[in-house]
Amino acid sequence: MSTDPSGIVAGREHAAAAGRTSGKPLISVQGLGKHYGPLEVFRNIDFDVGGREIVAIVGPSGCGKTTLLRCIDGLIPIDAGEVHVGQEKVTEPIAGVAMVFQHFGLFPWKTVFDNVAYGMRMAGVPKAEIERKVPEFIKLVGLAGFEKAFPYQMSGGMQQRCGLARALAVEPSVLLMDEPFAAVDAQTREILQFELLRIWEERPTAMIFVTHSIEEAVLLGHRVIVLKGRPSSIHETITIDLPEPRTRDTLREPRFAELRERVWSTLMREAREAEFHLER
């Protein structure tokens with residue numbers, strides 16, 4: 001952890017971490033299990049997420065990261081365990097939880113304004129409030145001036161900004177993100193990562209972020225959960241003790257490199273074991 005001679009930075013980091021985890025967790029995942037017929041995807045998944053915390057989930061391809069996120073959202077049923085958001089048990093999608101998908105999920109026939117307004121309209125928000133709030137969220141994600149544009153007129157990065165604005169517009173307490181930047185180029189991905197951090201600083205939520213990118217997980221997460229095995233389970237939970245707010249300078253921190261290597265080496269052992277098993 002970075003610190004200064006006075007200990008002020010370390011103290012701030014400790015206070016921030018305490019604020020994220022103090023009190024009851026906002027998201028509680030207990031003994032979660034899922035299978036499709038004879039195929040058991042994951043078992044005994046247990047973790048909590050604080051109200052101002054970002055938890056990143058990584059693991060080998062096919063370990064069930066997306067399935068886990070959809071179970072937490074209530075989009076698909078679970079076969080064991082429970083998920084609670086606040087005091088509410090999740091058995092279907094609930095108010096206060098928003099999800100951002102990998103492939104944007106925009107309605108091609110709707111403008112940016114109407115895409116962003118969609119969730120609010122479905123929730124029965126009055127028209128006057130929609131007209132007032134939607135431009136705020138469009139501006140928040142950097143799309144001011146594109147309110148009347150259609151998805152086909154925008155780049156992938158702009159489309160993903162629109163998808164993020166739509167999720168934020170319902171003012172969720174929980175934000176679930178399923179590899180939201182995987183479909184854009186590397187340069188746009190980095191820009192969006194720091195945009196997300198900026199937005200989170202302005203409007204902190206409990207966030208679960210699924211990604212294949214170890215660097216992305218370490219940059220964004222306050223903790224990184226590593227899934228491994230067949231069926232998968234939580235192999236390790238790594239606390240990311242990096243200074244905040246995180247910027248491009250964070251990528252050059254020696255501690256960032258150490259944490260990235262720790263996650264990477266854990267996943268590489270799993271990949272080697274899987275390859276050896278297949279060869280036999």
Q: Which pairs with one or both residues in residues 41-93 pass ring-ring contact (aromatic ring centres under 6.0 Å, His included), sequence neighbours excluded?
A: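 Sorted result for residues 41-93: empty, none.
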Q: Is any NZ, NE, NH1 or NH2 atom of the basic residue among R189 and E216 found under 4.0 Å from an Asp or Glu carboxylate oxygen of the other?
A: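 A salt bridge links R189 with E216.
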Q: I45, Y36: one ILVMFWY side-chain cluster at the under-4.5 Å cut-off?
A: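 Same cluster: I45 reaches Y36 through Ile, Leu, Val, Met, Phe, Trp or Tyr contacts under 4.5 Å.
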Q: Could you give the side-chain donor-acceptor pairs of residues 96-114 under 3.5 Å, partners two or more places apart or in another chain?
A:
| unit_1 | atom_1 | unit_2 | atom_2 | d |
| --- | --- | --- | --- | --- |
| T111 | OG1 | D114 | N | 3.2 |
| T111 | OG1 | D114 | OD2 | 3.4 |
| D114 | OD1 | R121 | NH1 | 3.0 |
| D114 | OD1 | R121 | NH2 | 3.4 |

Q: If we only count heavy atoms from C-beta on, is the I240 to R246 side-chain gap below 4.5 Å?
A: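 Yes, side chains in contact.
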Q: Got a second to check how far I225's CD1 is from T237's OG1, nearest 0.5 Å?
A: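 Rounded to the nearest 0.5 Å, the CD1-OG1 separation comes out at 4.5 Å.
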Q: So that I can tick it off, tell me whether E190 and R248 are bridged by a salt bridge, with the cut-off set at under 4.0 angstrom between side-chain N and carboxylate O.
A: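 Yes, R248 and E190 are salt-bridged.
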Q: Looking only at heavy atoms, which two atoms of A206 and G50 are closest? And how far apart?
A: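 In this case the closest contact between A206 and G50 is CB-O, 3.2 Å.
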Q: State, to 0.1 Å, how close L259 and D241 come at their nearest heavy-atom pair, and which atoms those are.
A: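 In terms of heavy atoms, the two residues are closest at CD1-OD1, 3.7 Å.
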Q: Kindly determine whether I234 and L227 satisfy side chain to side chain contact (heavy atoms under 4.5 Å, CB included), including the steps that lead there.
A: CA-CA 5 Å; I234 295 178; L227 299 182; 3.8 Å; yes
Q: Is there a side-chain hydrogen bond (donor to acceptor under 3.5 Å, both in side chains) between N44 and S233? Walk through the geometry before answering.
A: CA-CA 6 Å; N44 297 329; S233 59; over 6 Å; no
Q: With side chain to side chain contact (heavy atoms under 4.5 Å, CB included) as the criterion, how do E244 and H222 come out once you've worked through the C-alpha distance, each side chain's angles and the decisive distance to 0.1 Å?
A: CA-CA 10 Å; E244 296 182 40; H222 299 118; 3.2 Å; yes
Q: How close do P231 and R43 get, counting heavy atoms only, and between which atoms?
A: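 So the two residues come closest at CG-NE, 3.4 Å.
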Q: Starting at CD1 of I94, measure out to CD of E92 and round the result to the nearest 0.5 Å.
A: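 Taking CD1 in I94 and CD in E92, the distance rounds to 9.0 Å.
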Q: Test your reading of the model: is there a side-chain donor-acceptor pair from K65 to the backbone of P60, 3.5 Å cut-off?
A: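 A pair under 3.5 Å: yes.
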Q: Is any side-chain heavy atom of R255 closer than 4.5 Å to one of L242?
A: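 Side-chain contact under 4.5 Å: yes.
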Q: Can you tell if the side chain of K34 reaches within under 4.5 Å of the side chain of D79, non-hydrogen atoms only?
A: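 Yes, side chains in contact.
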Q: Nearest 0.5 Å, what's the CG-OG distance between L26 and S173?
A: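 Going from the CG atom of L26 to the OG atom of S173 covers 5.0 Å.
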Q: Taking the side chain as everything from C-beta on, heavy atoms only, tell me whether E53 gets closer than 4.5 Å to I27.
A: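 Side-chain contact under 4.5 Å: no.
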Q: What is the minimum heavy-atom distance between H212 and G59, and which atoms define it?
A: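 Nearest heavy atoms, H212 then G59: CD2-O, 4.2 Å.
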Q: Supply the atom-to-atom distance F209 CZ to L176 CG, rounded to the nearest 0.5 angstrom.
A: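 Between atom CZ of F209 and atom CG of L176 there are 12.0 Å.
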Q: According to a hydrophobic-cluster definition based on side-chain heavy atoms being under 4.5 Å apart (Ile, Leu, Val, Met, Phe, Trp, Tyr only), do I191 and F194 belong together?
A: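 Unlinked, I191 and F194 end up in two clusters.
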Q: Are the side chains of L168 and T205 in contact, using a 4.5 Å heavy-atom criterion?
A: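 In short, these two side chains do not touch, never coming nearer than 4.5 Å.
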Q: Do you know the tightest heavy-atom contact between V49 and R223?
A: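 Closest approach of V49 to R223, heavy atoms only: CA-NH2, 4.1 Å.
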Q: Verify side chain to side chain contact (heavy atoms under 4.5 Å, CB included) between R262 and V224, making sure each step is shown before the conclusion.
A: CA-CA 11 Å; R262 180 174 171 183; V224 175; over 6 Å; no
Q: Can you tell me how far apart CG (D178) and OG1 (T67) are? Round to the nearest 0.5 Å.
A: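 OG1 of T67 is found 9.0 Å from CG of D178.
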Q: Distance-only check: which donor-acceptor pairs under 3.5 Å involve side-chain atoms of residues 127-141, not counting sequence neighbours?
A:
| unit_1 | atom_1 | unit_2 | atom_2 | d |
| --- | --- | --- | --- | --- |
| E129 | OE2 | K133 | NZ | 3.0 |
| K133 | NZ | E171 | OE2 | 2.6 |

Q: Would you say the side-chain atoms of Q160 pair up with the backbone N or O of P180, donor to acceptor, closer than 3.5 Å?
A: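 Checking the backbone N and O of P180 against the side chain of Q160, a donor-acceptor pair under 3.5 Å is found.
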Q: Show the numbers, then the answer: is there a side chain to side chain contact (heavy atoms under 4.5 Å, CB included) between S155 and T188?
A: CA-CA 10 Å; S155 67; T188 301; over 6 Å; no
Q: Do the non-hydrogen side-chain atoms of C162 and L143 ever get within less than 4.5 Å of each other?
A: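 When only atoms from C-beta onward are counted, L143 and C162 do touch, with a gap below 4.5 Å.
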Q: Without swapping roles, check the side chain of T247 against the backbone of D249 for a donor-acceptor pair under 3.5 Å.
A: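 Yes; at least one donor-acceptor contact below 3.5 Å.
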Q: Between CD of E253 and CG of L251, what distance do you get to the nearest 0.5 Å?
A: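 Between atom CD of E253 and atom CG of L251 there are 9.5 Å.
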Q: Can you find a heavy atom in the side chain of L196 that is under 4.5 Å from one in the side chain of F181?
A: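 In contact.
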Q: If you group Ile, Leu, Val, Met, Phe, Trp and Tyr by side-chain heavy-atom gaps below 4.5 Å, do Y118 and V125 land in one group?
A: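 Per the 4.5 Å side-chain linkage, Y118 and V125 are not co-clustered.
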Q: May I ask you to decide whether R198 forms a salt bridge with E195, counting only side-chain N to carboxylate O separations under 4.0 Å?
A: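 Here R198 pairs with E195 in a salt bridge, since their nearest N and O are under 4.0 Å apart.
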Q: Would a single hydrophobic cluster contain both F146 and F150, if residues Ile, Leu, Val, Met, Phe, Trp and Tyr are joined by side-chain heavy-atom contacts under 4.5 Å?
A: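 No, F150 does not connect to F146 through the hydrophobic network.
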Q: Okay, side chain of Q159, backbone of M154: is any donor-acceptor separation there less than 3.5 Å?
A: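 It does hold such a pair.
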Q: Heavy-atom count check: over 12 atoms from other residues, nucleotides or ligands less than 6.0 Å from E202 CD?
A: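 Counting neighbours around CD of E202, more than 12 heavy atoms of other residues, nucleotides or ligands fall under 6.0 Å, so yes.
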Q: For K89 and E82, indicate whether the former's side chain and the latter's backbone hold a donor-acceptor pair under 3.5 Å.
A: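 Between the backbone of E82 and the side chain of K89 there is no qualifying donor-acceptor contact (under 3.5 Å).
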Q: Are L197 and I214 joined in one hydrophobic group, where the rule is that I, L, V, M, F, W and Y side chains link up if heavy atoms are under 4.5 Å apart?
A: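 Shared cluster, yes.
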Q: Does some side-chain heavy atom of F256 sit less than 4.5 Å from a side-chain heavy atom of R252?
A: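 They are not in contact (no side-chain heavy atoms under 4.5 Å apart), so the answer is no.
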Q: Taking all atoms of both residues into account, what is the closest heavy-atom pair of S232 and C63, and its distance?
A: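 So the minimum-distance heavy-atom pair works out to OG-O, 2.6 Å.
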Q: Q30 vs S28, test: side-chain hydrogen bond (donor to acceptor under 3.5 Å, both in side chains). Steps then yes/no.
A: CA-CA 6 Å; Q30 303 171 335; S28 180; 3.2 Å; yes
